[in-house]
Amino acid sequence: MVASRPATPCRLGVVHRVGLRYIDAVRPRPGEDFRFYLRDGFHGITDNVFQDGTQRLHVESVGKTQVGEAPGIMVVRVVQNDQGLLLPPDLVGGAPKQDSSAAPGELITLIDMDHYVEGNFDPDTHWIVEMAYEMHVQIVETFHEQVVTAEAIAAWK
């Protein structure tokens with residue numbers, strides 16, 4: 001007995017989520033503070049509430065976006081650590097082995113930008129690439145216009 005092929009072609013399934021996530025580590029030059037690199041909304045408390053050198057920042061902004069014709073979500077996080085981590089805690093466990101040049105005690109500021117669309121989409125590679133490109137453009141624009149300072153961009157060139 002020979003198995004017959006299905007009358008209709010096999011469907012590849014559906015795509016539930018398409019997204020991009022970029023992590024940038026801010027490591028100030030000697031004599032500079034992380035605030036030089038970030039816009040005012042990401043500075044945290046500036047009063048003398050905390051003892052010098054003990055404040056650690058965790059700021060998160062979340063909102064809806066439009067990616068082509070699909071509704072999207074963008075999450076912008078700024079988090080700090082002094083454990084030598086160059087990735088957010090949720091990514092450390094699954095990350096490939098890397099040599100960290102960050103020493104324990106060095107204050108690292110991470111800019112974590114996540115942009116995605118969710119739904120039930122056909123697995124159309126052309127559409128997926130278009131969505132990824134549009135999300136990339138929106139992340140880059142947000143990074144430059146809303147998150148980091150013009151002085152930071154000049155310093156990184």
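Keep in mind that the numbers below use all heavy atoms, side chains included, and drop hydrogens, waters and symmetry copies.
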(request) Calculate, to the nearest 0.5 Å, the distance between atoms CG and CD1 belonging to Leu85 and Ile108 respectively. (result) 9.0 Å
(message) Check this for me: Glu141, atom CD, are more than 12 non-hydrogen atoms of other residues, nucleotides or ligands nearer than 6.0 Å?
(response) yes
(request) Could you tell me whether His58 atom NE2 has more than 12 heavy atoms of other residues or ligands within 6.0 Å of it? (result) yes
(message) Which residue is it: Met74, His115, Glu130? I am looking for the one with a side-chain contact (heavy atoms from CB on, under 4.5 Å) to Val67.
(response) His115
(message) Side chains of Trp127 and Thr125, heavy atoms from C-beta outward: is any pair under 4.5 Å?
(response) no
(request) May I ask you to test the Arg56-Asp82 pair for a side-chain heavy-atom distance under 4.5 Å? (result) yes
(message) To the nearest 0.5 Å, what is the distance between CD1 on Ile111 and CD1 on Ile23?
(response) 10.0 Å
(request) Please report the C-alpha distance between Val62 and Ile73 in whole Å, then the side-chain angles of each, then the deciding distance to 0.1 Å, and finally whether the side chain to side chain contact (heavy atoms under 4.5 Å, CB included) criterion is met. (result) CA-CA 7 Å; Val62 181; Ile73 300 288; 4.0 Å; yes
(message) How long is the straight-line distance from CE of Met135 back to OG1 of Thr142, given to the nearest 0.5 Å?
(response) 13.0 Å
(request) Could you tell me whether Asp24 and Arg77 have a side-chain N and a carboxylate O separated by less than 4.0 Å? (result) no
(request) For the residue pair Val78 and Thr109, establish whether any side-chain heavy-atom pair is separated by less than 4.5 Å. (result) yes
(request) Say whether Trp156 and Met113 are linked into one hydrophobic cluster, either directly or through other cluster members, by side-chain heavy-atom distances under 4.5 angstrom. (result) yes
(message) Is a donor from one side chain sitting under 3.5 angstrom from an acceptor on the other, for Tyr22 and His136?
(response) yes
(request) Could you check Phe50 against Ile45 for side chain to side chain contact (heavy atoms under 4.5 Å, CB included), going step by step and ending with a plain yes or no? (result) CA-CA 9 Å; Phe50 304 109; Ile45 295 174; 4.1 Å; yes
(request) For Glu60, look at atom CD and say whether over 12 heavy atoms of other residues, nucleotides or ligands are found less than 6.0 Å away. (result) yes
(request) For Arg21, enumerate each residue passing the side chain to side chain donor-acceptor pair (under 3.5 Å) test, keeping only those at least two apart in sequence or located in another chain. (result) Asp90, Asp112
(request) Compare all side-chain heavy atoms of Leu20 with those of Ile139 and state whether any distance is below 4.5 angstrom. (result) yes
(request) Identify whether Val59 and Tyr37 are in the same connected component of the hydrophobic contact network (ILVMFWY, side-chain heavy atoms under 4.5 Å). (result) yes
Donor-acceptor pairs are to be reported for all side-chain atoms of residues 143-153 against protein atoms at under 3.5 Å, with residues two or more places apart or in another chain.
| unit_1 | atom_1 | unit_2 | atom_2 | d |
| --- | --- | --- | --- | --- |
| His144 | ND1 | Val140 | O | 2.9 |
| Thr149 | OG1 | Phe36 | O | 2.8 |
| Thr149 | OG1 | Ala152 | N | 3.0 |

(message) I'd like to know if the side chain of Gln138 reaches the main chain of Gln66, judged simply by a donor and an acceptor atom lying under 3.5 Å from each other, with no hydrogens or angles considered.
(response) yes
(request) Could you tell me whether the side chain of Asp124 and the main chain of His126 form a donor-acceptor pair under 3.5 Å? (result) yes
(message) Side chains of Met131 and Ile128, heavy atoms from C-beta outward: is any pair under 4.5 Å?
(response) no
